[in-house]
Trainee: 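Take this structure, written in structure tokens, and hold onto it; I'll ask about it next.
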Amino acid sequence: MKDLLHELFSRALEQLRRDGILDAPPPAFVIERTRSREHGDFACNAAMLLVKAVGKKPRDIAMAIVGVLPASPWVSKVEIAGPGFINVFLSDTAWHEEIRRVLHEGAHYGHSNSGDGRAIGIEFVSANPTGPLHVGHARNAAIGDTLARLYSATGWKVYREYYYNDAGAQIANLALSVQARIRGIDPEDPRWPAAGYRGEYIRDVARDYLAGASVEVDKGRVTSAADPDDLDAIREFSVAWLRREQDADLRAFGVGFDVYFLESSLYVDGKVLQVVERIAAEGHSYEAAGALWLRSTGFGDDKDRVMRKSDGTYTYFVPDVAYHLSKWERGYKHAATVLGADHHGSLTRVRAGLQALAIGIPCNWPDYVLYQMVTVMRGGEEVKISKRAGSYVTLRDLIDMAGLDATRYFLIARKGDSQLVFDIDLARSQTNDNPVYYIQYAHARVCSVTRQMHERAIVFEQTHALKHLGRLDSEPARAVMFEVSRFPEIVENAAANQEPHLLAQYLRELAGAFHVWYNAEQFLVDDEDLRNARVALAYATRQVLANGLGLLGVSAPESM
RNA sequence: GCGCCCGUAGCUCAAUCGGAUAGAGCAUCGGCCUUCUAAGCCGACGGUUGCUGGUUCGAUUCCAGUCGGGCGCGCCA
């Protein structure tokens, strides 16, 4: 709808230029939805943008534009209003055509091809395999997965990636912690490792290791050596054990990945070394105080960063740069990384490292989708998250308590820039406080209508219905058509701006319009034309609800 | 001290690359089930968009300053 109007206005502006009335390049005007029905359905701001360039009053410019606006069967009325808005009122034909499109396109309604098949790598979660996933990871997973679904729906070829930091100091701590448990040492013991992980799960890992258990992860299998002194074996087993746990929780959350990328592989195949040598060859590094530094201040960082410590090991961001180099070489001209705000400092470093390689990577590559911290409330008190102390609410806890649908909806419904308060009591109270039920209920209500029709042997004739959509002339029905037609714009917008919360918000509004209409009018009336028209709109609504919920990874139940 | 994010109704949050009269839910109060599911609907109440300037046809949105909250500023990851 928007595209069509944009085209009409572009042609009008072009016409004015040919006529010599407008002596200015066409402005970057927008067609936007109006806030109030009094202002029509869409508004164009082109006239106001031209004021300076043309030197005329905005309303006069608007008049000129309207004068040459090509006629369209979709447009019933055009008005000039306010400071120079051109308000467009759509004809019934336009609305009816949109309903026809929904029913025709079905599960594809709202999808587009704006990505044009381009590849995008979306990295998310990427939690260290040192403990179960907590609410912060859950927010990451919900944002990343929804984003991936949105990109797919807008014509991108999406690759979901998970980067496992399975090398480095934290993993060494994990191995030491498990070894301590194997030896019967608990966190209260003075012999407990200083930076050890104190969670209960460490004991479970130790128990399975001692039992000689096997863990399957990816396509391989790791079998415990059961040797308390073999720290390498303990590490390998522990990492596999925790990866399996994380994978299982993510699967339960409806999240899967195309690529699991192991940090350790970057050392094995020499990528880390390659990065360091390349940066040195480009002259962006120097040695000082026994360490090798990246001159990241040359790339917008506020201080230079150590790449290779004086003990010969690399700092964490070097393999991270190597990993992103791998993404680049694998062809992701577009890449996005979903990252908690507590890690936003690393963003500058990774980009600086990529710039220092001097291989033509854009300075703002990759995209980072940042989200603020999650605080968890339970019983009116904040639950502190501490992986080391082992006290935190896990993703598994959330799913068990609130259910998959509510958890996903809660975590996606707010803008990433805002801190999120996850109220456990609210989420688990499966009542009307929970907006996800409100949306699902709208879907279930349409399904219920279908069941009624079946029971009463009423047949829906779609072809017939589409000829009588003119019967949908009440305000509540029009409001539903209006909301339904917004869906493609919402999907496009949510994907382009990387703001999946817009979709969650929208579905609440669509469901609201539907509930109002449902209460105002009976669908299954004797008048066949009217009945078919109403059922057609109800089906269109159900389709959009299902498509939207699907993009959120939330189920669309047929009954509740 | 420096960098990033946030500050909107009593509470939790929206507001379409700067648009018109700032919107929902919850809470509070008052109504609606003989009717396809009341997990619903209708109405009322509720605002100096933290504060002060600036930019312009127009600012919740952009800029500067200021106050308050969060996160980061390691040869940790």
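Values in this document were obtained by computation on a predicted structure and should not be read as measured data. Computed over heavy atoms, backbone and side chain alike; hydrogens, waters and symmetry mates excluded.
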Trainee: Tell me what A:Glu521 touches on the nucleic acid: a base, only sugar-phosphate, or nothing, going by heavy atoms under 4.0 Å.
Mentor: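 Result for A:Glu521 = base.
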Trainee: On the nucleotide B:rU16, are OP1 or OP2 found under 4.0 Å from the side-chain N or O atoms that A:Lys415 carries?
Mentor: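 For B:rU16, OP1/OP2 do not have a side-chain N/O of A:Lys415 under 4.0 Å.
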Trainee: Could you check whether A:Glu509 gets within reach of a base, just the sugar-phosphate, or nothing at all, counting any heavy atom under 4.0 Å?
Mentor: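 Nothing, no nucleic acid heavy atom in range.
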Trainee: Could you please name the option among B:rC76, B:rA14, B:rC73 that lies closest to any side-chain atom of A:Gln505?
Mentor: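 Given the options B:rC76, B:rA14, B:rC73, the side chain of A:Gln505 is closest to B:rA14.
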Trainee: For B:rA14, take OP1 and OP2 only and decide whether either is under 4.0 Å from a side-chain N or O of A:Ser418.
Mentor: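 Looking at the OP1 and OP2 atoms of B:rA14, one of them is under 4.0 Å from a side-chain N or O of A:Ser418.
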Trainee: Let's test your reading of the model: under 3.5 Å, does the base of B:rC75 pair with the side chain of A:Ser310 as donor and acceptor?
Mentor: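 It does, because a donor-acceptor pair links the side chain of A:Ser310 to the base of B:rC75 below 3.5 Å.
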Trainee: If you pin A:Ala28 and A:Ala169 to their nearest nucleotides in RNA chain B, which one's is more 5'?
Mentor: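 Upstream on the strand: A:Ala28.
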Trainee: At under 4.0 Å between heavy atoms, what does A:Ala538 touch on the DNA or RNA strands: base, sugar-phosphate, or nothing?
Mentor: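 No contact at all - A:Ala538 keeps every heavy atom at 4.0 Å or more from the nucleic acid.
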Trainee: So does A:Asn173 reach the base of B:rA77 with its side chain, donor to acceptor, closer than 3.5 Å?
Mentor: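 When only heavy-atom distances are counted, A:Asn173 does not reach the base of B:rA77 through any donor-acceptor pair under 3.5 Å.
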Trainee: Should A:Phe85 be counted as stacked on B:rA20, where stacking needs a ring-centre gap under 5.5 Å and an angle between planes under 30 degrees?
Mentor: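 By the stated criterion, A:Phe85 and B:rA20 stack.
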Trainee: Taking A:Asn165 for the side chain and A:Asn128 for the main chain, is one N or O donor matched with an acceptor at less than 3.5 Å?
Mentor: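 The answer is no, because no donor-acceptor pair under 3.5 Å joins these two groups.
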Trainee: Would you call A:Glu32 and A:Lys2 a salt bridge, taking side-chain N to carboxylate O under 4.0 Å as the test?
Mentor: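 The answer is no: the pair does not qualify as a salt bridge.
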Trainee: Please work out if A:Gln419 contacts a base, only the sugar-phosphate, or nothing of the nucleic acid, heavy-atom cut-off 4.0 Å.
Mentor: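 If one applies the 4.0 Å heavy-atom cut-off, A:Gln419 turns out to touch a base.
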Trainee: So A:Phe487 and A:Tyr506, do their side chains get closer than 4.5 Å, heavy atoms only?
Mentor: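 A:Tyr506 reaches A:Phe487 side chain to side chain.
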Trainee: Is any N or O donor-acceptor pair between the side chain of A:His343 and the base of B:rG72 shorter than 3.5 Å?
Mentor: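 There is none.
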Trainee: With a 3.5 Å cut-off and just heavy-atom distances, do the side chain of A:Tyr316 and the base of B:rA77 make a donor-acceptor pair?
Mentor: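 Yes, a donor-acceptor pair under 3.5 Å.
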Trainee: Mapping A:Pro83 and A:Tyr518 onto RNA chain B by nearest heavy atom, which one lands closer to the 5' end?
Mentor: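 The 5'-side residue here is A:Pro83.
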Trainee: CG of A:Asp320 versus C1' of B:rA77: gap in Å, rounded?
Mentor: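 Distance check: A:Asp320 CG to B:rA77 C1' gives 10 Å.
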Trainee: With a 4.0 Å cut-off on N to O distance, would you call A:Asp527 and A:Arg531 a salt bridge?
Mentor: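 Salt bridge: no.
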Trainee: State whether A:His515 places a side-chain N or O below 4.0 Å from either non-bridging phosphate oxygen (OP1 or OP2) of B:rA38.
Mentor: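 So the side chain of A:His515 is outside the cut-off, no N or O lying under 4.0 Å from OP1 or OP2 of B:rA38.
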Trainee: Using a heavy-atom cut-off of 4.0 Å across all strands, would you classify A:Ala43 as base, sugar-phosphate, or nothing?
Mentor: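 Contact class for A:Ala43: base.
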Trainee: At under 4.0 Å, does any side-chain N or O of A:Lys2 touch on OP1 or OP2 of B:rU16?
Mentor: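 For A:Lys2, the contact criterion (side-chain N or O under 4.0 Å from OP1 or OP2 of B:rU16) is not met.
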Trainee: Please work out if A:Ser559 contacts a base, only the sugar-phosphate, or nothing of the nucleic acid, heavy-atom cut-off 4.0 Å.
Mentor: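 Base contact - A:Ser559 has a heavy atom under 4.0 Å of at least one base atom.
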Trainee: A:Ala289 near the nucleic acid: base, sugar-phosphate alone, or nothing, with a heavy-atom cut-off under 4.0 Å?
Mentor: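 Answer is base: heavy atoms of A:Ala289 come under 4.0 Å of a base.
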Trainee: Rounded to the Å, how far apart are A:Trp517 CH2 and B:rC41 C1'?
Mentor: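 Roughly 15 Å, once rounded to whole Å.
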Trainee: Hey, does A:Arg59 reach any base, or is it just sugar-phosphate, or nothing, if we go heavy atoms under 4.0 Å?
Mentor: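 Result for A:Arg59 = nothing.
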Trainee: Based on the glycosidic angle (syn within 90° of 0, else anti), state the conformation of B:rC42.
Mentor: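 Base orientation relative to the sugar is anti.
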Trainee: Just to be sure I understand the rule, does A:Ala291 reach a base, reach only the sugar-phosphate, or reach nothing, if contact means heavy atoms closer than 4.0 Å?
Mentor: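 Base: the residue A:Ala291, judged by heavy atoms under 4.0 Å, touches a nucleobase.
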Trainee: With a 4.0 Å cut-off on heavy atoms, is A:Val446 in touch with a base, just the backbone sugar-phosphate, or nothing at all?
Mentor: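 Nothing, no heavy atom under 4.0 Å.
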Trainee: Using 30° and 60° as the class limits, which term best fits the ring planes of A:Tyr267 and A:Tyr314: parallel, tilted or perpendicular?
Mentor: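 Rings of A:Tyr267 and A:Tyr314: tilted, 30 to 60°.
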Trainee: To the nearest Å, how far apart are A:Arg508 CZ and B:rA14 C1'?
Mentor: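 So the two atoms are 12 Å apart, to the nearest Å.
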Trainee: Please work out whether the ring planes of A:His284 and A:Phe299 are parallel, tilted or perpendicular, with thresholds of 30° and 60°.
Mentor: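 Perpendicular.
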Trainee: Check A:Glu521 with A:Arg534, please: is the shortest side-chain N to carboxylate O separation under 4.0 Å?
Mentor: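 Salt bridge present between A:Arg534 and A:Glu521.
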Trainee: Heavy atoms only, 4.0 Å cut-off, all strands: where does A:Arg308 land among base, sugar-phosphate and nothing?
Mentor: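 The residue A:Arg308 makes no contact with any strand.
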Trainee: Under 4.0 Å between a side-chain N/O of A:Tyr438 and OP1 or OP2 of B:rC41, yes or no?
Mentor: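 True: A:Tyr438 side-chain N/O within range (under 4.0 Å) of B:rC41 OP1/OP2.
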Trainee: Check every strand shown and say whether A:Leu370 touches a base, only sugar-phosphate, or nothing at a heavy-atom separation below 4.0 Å.
Mentor: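 No contact.
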Trainee: Does A:Arg33 put a side-chain nitrogen or oxygen below 4.0 Å from OP1 or OP2 of B:rU16?
Mentor: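 Checking B:rU16 against A:Arg33, no side-chain N or O comes under 4.0 Å of OP1 or OP2.
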